[in-house]
2 protein chains.
Amino acid sequence: MALDAWDINIVSINKLFDNLTNEELLQEVSPNRNRGVYILGHLAAVHDRMLPLLDFGHQLYPFLNDVYLEHPDKSGLPTPTTDELREYWKTVNEKLHQHFNQLEPAEWFGRHTFISEDDFVKEPQRNKLNVVLNRTNHLASHRGQLVFLRK
Amino acid sequence: MALDAWDINIVSINKLFDNLTNEELLQEVSPNRNRGVYILGHLAAVHDRMLPLLDFGHQLYPFLNDVYLEHPDKSGLPTPTTDELREYWKTVNEKLHQHFNQLEPAEWFGRHTFISEDDFVKEPQRNKLNVVLNRTNHLASHRGQLVFLRK
């Protein structure tokens, strides 16, 4: 069910991204707030970091972290093009999807890599499935903002 | 974990609502979009409808449905005051919280009331826990919009 909720949210935000032109993505979602393109890069970076977090391997695009996680929008730092960001976003989610499908039910309740074995004994809810639940909410919250770019 | 995610999102949006004045809630979250106060009423109505949906009893404020579910913002229909909406929102969530705490783990996997017994056999994921997952994402998506009302 948690994975279904993830999928539904990914499909829904992808429909949004597909219907927004690169030009529309350059608009701010609300005055003086993030531009759509920054949210796209931010989501790509956050989902990319789920790969090491869930023990699925290395980040594919670690160069996104500085611009889209450490700095706010319009920082003046050089950024990939919108088409490149769209591609990263797609690739990262496909990669996650493959790993999700391969994970055994019991593995979802194993710890994620950002918590030590000792702490996990005390807080067993800090497992892989919980990462997916949290990131689904994160995704939903930015989807709620991106709808404002629709005409 | 799903209930923790619900709680975290409720606490976080309540912090937002508490820090917004009634005047700030009258602002639109983005130009020509919903006002904060409409989102508050909408969320109160959606959560109120979770009571019958989860078989916890009747809706407390069914008169919210027409204005906040059937009509868009600024419909011209008479509305409760913002203070009343804040009160409804608080009361509904307290009621849900009480029922959540009383439900046995197995009951979460029982069907919700909007699906027939026959359909539930075919789609067992349409259970009570799934309603909470979906409504948490719904909540997160509106929280993402309400942050724009912060100075």
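From a predicted model like this one, the values you see are computed outputs, not experimental measurements. Below, chains carry the letters A, B, ... as their sequence lines are ordered, and counting in each starts from 1.
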Single-linkage hydrophobic cluster [X]~[Y], side-chain heavy atoms < 4.5 angstrom:
X: A/L53; Y: A/L3; answer: yes
X: B/L60; Y: B/V46; answer: no
X: A/F56; Y: A/I115; answer: no
X: B/F100; Y: B/I8; answer: no
X: A/F63; Y: A/L77; answer: yes

Return one line per donor-acceptor pair between chain A and chain B under 3.5 Å, naming both atoms and the distance rounded to 0.1 Å.
{"unit_1": "A/V29", "atom_1": "O", "unit_2": "B/S30", "atom_2": "OG", "d": "2.7"}
{"unit_1": "A/S30", "atom_1": "OG", "unit_2": "B/V29", "atom_2": "O", "d": "2.7"}
{"unit_1": "A/R33", "atom_1": "NH2", "unit_2": "B/F148", "atom_2": "O", "d": "3.2"}
{"unit_1": "A/R33", "atom_1": "NH2", "unit_2": "B/R150", "atom_2": "O", "d": "2.7"}
{"unit_1": "A/G144", "atom_1": "O", "unit_2": "B/Q145", "atom_2": "NE2", "d": "2.6"}
{"unit_1": "A/Q145", "atom_1": "NE2", "unit_2": "B/G144", "atom_2": "O", "d": "2.6"}
{"unit_1": "A/F148", "atom_1": "O", "unit_2": "B/R33", "atom_2": "NH2", "d": "3.2"}
{"unit_1": "A/R150", "atom_1": "O", "unit_2": "B/R33", "atom_2": "NH2", "d": "2.7"}

